[in-house]
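The model shown is predicted, which means the values in this text are computed figures rather than measured ones. All residue numbers refer to positions in the sequence shown, counting from 1. Both ligands and their constituent atoms are indexed starting at 1 by order of listing.
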Amino acid sequence: MSSVQSSQTQKNDDAEVFDALIVGAGFNGIYQLHRLRQEGFKVRLFEAGADMGGIWYWNCYPGARVDSHIPIYEFSIEELWRDWNWTERFPAWDELRRYFHYVDKKLDLSRDIRFGMRVSAAEFDEARDQWVIRTTDGTVVRARFFILCTGFASKPYIPNYKGLESFAGESFHTGLWPQEGASFTGKRVGVVGTGASGVQVVQEASKDAAHLTVFQRTPILALPMQQRKLDVETQQRMKADYPEIFRIRRETFGGFDILRDERSALEVPPEERCALYEKLWQKGGFHYWIGGFSDILTNEEANRTMYDFWRDKTRARIKNPALADKLAPMEPPHPFGVKRPSLEQWYYEAFNQDNVSLVDVREMPIVEIVPEGVLTSDGLVELDMLVLATGFDAVTGGLTQIDIHGTGGITLKEKWTEGARTYLGFATSGFPNMLFLYGPQSPSGFCNGPTCAEMQGEWVVDCLKHMRENNKGRIEATAQAEEEWAQLLNSIAGMTLFPRADSWYMGANIPGKPRQLLNFPGVPIYMDQCNTAAAKDYEGFVLD
Ligand SMILES: Cc1cc2nc3c(=O)[nH]c(=O)nc-3n(C[C@H](O)[C@H](O)[C@H](O)COP(=O)(O)OP(=O)(O)OC[C@H]3O[C@@H](n4cnc5c(N)ncnc54)[C@H](O)[C@@H]3O)c2cc1C
């Protein structure tokens, strides 16, 4: 233990001690809280936001809504789904927040949650096998297990534009949207970024902005949401199938209830292929992305059939051919589906309106932000509001922004300088008793949130129970297991087309971030690996 650590931990000998300290009150954190409490552990949860909901607390921009359909995007706990009904197939952030309040009330969660508590640092006290955890307001607690449920999107990425602070109008990142809201009405609005949040904001701003300018680097290959209102009677009928739907979602690649066609796209006649694509298109949501043929994400030729279908459907909606070339180019900017596709409702029609224009920043780069707006290489775009839909330091950023000291004298951030290294996407060597969920090298970005919260969540609960039953105080991943996990992930990644795009899946959206596939492709294979390790007395870990 370093002398700094030693003096800090000694100072906090009398801090309150928990079995587990959980960070984050999104799906993962509250599932941990609920289940660990049920198992008799003494648990506390710290949440930086003022309310629960995780990303649905922070991402409250107009149009923010989930791309996973109902009932996939909720807990499978019957006590919860039995009495809860949604109003839409793809609910918006405010309804999702109401759901979290409902879950809170049903499971009596918030008595063990402290809101407005941002965990800033943690160090492992080797003498006691405990983490000493600090928050920005100076609170210190100790816990045997440090369970990080910080999500993959808790560190917004703000590009380092020259002059950004000088902008005289309103400026917001979508992931830090003001809780009191902000209106586009009558304003000249600029949206930078065309990822999932960009698409949603563009649709809303197109309705009532005086003028909307969209700054696009790479066109998003957005899919039709096919949003629908849901009434209570329909859902009551649907609920007969919920147990089966929740069973299926545990067995599919991305934790959805969408089964893919096990044939190759190239082995069926073109008419049959198109008929399937049309069917998936009409179903909406992610059906087109993950309900297609088995080789879409592994075979470029197969992938191209899907791109071409998408392109033709999309171009037919855009009136101006030059704009169509920008939004849905004849040649794919990257293979289809290796960047998160995102769902849209009237995104492409918005560009047919007189009050919406597109700036291709590959052709006309942003030079700087000035008080009046955005200066591109082609001139000034005057704005009253600048929306940065520029994404997140995804998957790793929420973890490495906490100053975490393990046993090896280095911080987690230092350890991951060359890229995240984990075992099973749950733990990293040198950081005993620290487990993270929905984190790097687990399915996270490829997995429907609640599915993984429950599946990974149960693995963690079982692990803590195992430790307690076997009177163990310390669990740590071995460096060798971590190396083997990286090799397995690399070999799987190499079989896919994911490395072919500069996506946040690959860490490529952040300048200088090491390029690696941050998510494990495939929930069933992943869980199989995790469960096998657990069954072999937590193979790959050292338990003391
Ligand atoms: C705009 C957007 C749309 C999305 N849409 C979908 C979708 O359609 N389908 C899907 O499956 N997933 C979607 N996701 C992914 C989403 O992250 C997961 O669905 C789910 O929310 C993950 O839950 P979580 O508990 O892991 O993390 P989160 O919901 O991200 O919650 C993490 C919590 O940790 C807190 N936190 C972080 N760091 C600290 C700290 N240091 N101290 C204290 N608290 C901290 C944060 O404040 C946050 O509340 C979307 C994400 C975004 C950003």
Side-chain angles (χ1 to χ4, degrees), residues 21-33 44-61 63-70 72-75 90-93 96-97 99-100 113-122 133-137 139 146-157 173-177 193 195-201 225 249 254-256 285-286 289 340-343 389 391-395 397-404 436-439 442-454 456-457 504 519 523:
L21 188 286
I22 303 165
V23 188
F27 275 107
N28 276 284
I30 64 173
Y31 191 78
Q32 285 301 301
L33 176 61
R44 172 67 43 89
L45 189 155
F46 285 164
E47 164 56 52
D51 199 350
M52 49 204 312
I55 58 128
W56 304 110
Y57 172 76
W58 300 100
N59 292 264
C60 56
Y61 56 84
R65 68 179 63 251
V66 70
D67 283 347
S68 301
H69 58 272
I70 292 310
I72 289 301
Y73 202 69
E74 62 183 277
F75 287 119
F90 297 93
W93 65 271
L96 285 156
R97 265 205 214 171
Y99 174 71
F100 275 90
I113 304 179
R114 299 293 173 268
F115 294 104
M117 296 281 259
R118 181 170 289 278
V119 172
S120 52
I133 298 149
R134 296 156 203 282
T135 66
T136 45
D137 74 350
T139 302
F146 185 32
I147 302 187
L148 289 150
C149 302
T150 51
F152 71 53
S154 53
K155 187 177 176 196
Y157 168 61
H173 187 285
T174 47
L176 295 169
W177 202 259
S197 299
V199 167
Q200 295 180 337
V201 169
M225 177 174 269
R249 85 173 180 183
F256 289 79
F286 284 148
W289 184 27
R340 191 175 182 280
S342 161
L343 305 185
F392 303 89
D393 180 355
V395 192
L399 299 170
T400 54
Q401 72 181 349
I402 305 174
D403 186 27
I404 306 176
F436 33 87
L437 290 104
Y438 218 57
S442 82
S444 50
F446 293 151
C447 180
N448 176 57
T451 311
C452 270
E454 293 183 354
Q456 281 198 297
W504 62 260
N519 311 122
V523 175

> Which is it for F152 and F392 under the ring pair (Phe, Tyr, Trp, His ring centres under 6.0 Å) test, yes or no, and what are the steps along the way?
Replying inline: CA-CA 8 Å; F152 71 53; F392 303 89; 7.6 Å; no
> Would F75 and F27 satisfy ring pair (Phe, Tyr, Trp, His ring centres under 6.0 Å), going step by step from the backbone distance to the final call?
Replying inline: CA-CA 8 Å; F75 287 119; F27 275 107; 5.1 Å; yes
Do any nitrogen or oxygen atoms of ligand 1 lie under 3.5 Å from a protein nitrogen or oxygen, and which ones?
from	atom 1	to	atom 2	distance (Å)
ligand 1	8 (O)	D67	N	2.6
ligand 1	8 (O)	S68	N	3.2
ligand 1	8 (O)	R340	NH2	3.3
ligand 1	9 (N)	S68	OG	2.7
ligand 1	11 (O)	S68	OG	3.4
ligand 1	11 (O)	N448	OD1	3.3
ligand 1	11 (O)	G449	N	2.7
ligand 1	19 (O)	Y73	OH	2.6
ligand 1	25 (O)	F27	N	3.1
ligand 1	25 (O)	N28	N	2.9
ligand 1	26 (O)	N28	ND2	2.7
ligand 1	29 (O)	I55	N	2.9
ligand 1	41 (N)	V119	O	2.9
ligand 1	42 (N)	V119	N	2.8
ligand 1	44 (N)	A48	N	3.0
ligand 1	47 (O)	E47	OE2	2.7
ligand 1	47 (O)	W58	NE1	2.8
ligand 1	49 (O)	E47	OE1	2.7
ligand 1	49 (O)	E47	OE2	3.0

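R97 meets the salt bridge (charged side-chain N to carboxylate O under 4.0 Å, His left out) test with no other residue; sequence neighbours excluded. Residues forming a salt bridge (charged side-chain N to carboxylate O under 4.0 Å, His left out) with D51 (at least two apart in sequence, or on another chain): none. Checked against salt bridge (charged side-chain N to carboxylate O under 4.0 Å, His left out), E454 has the following partners two or more places apart in sequence or in another chain: R249.
Under the 30°/60° scheme for interplanar angles, the aromatic rings of Y73 and W56 are found to stand perpendicular.
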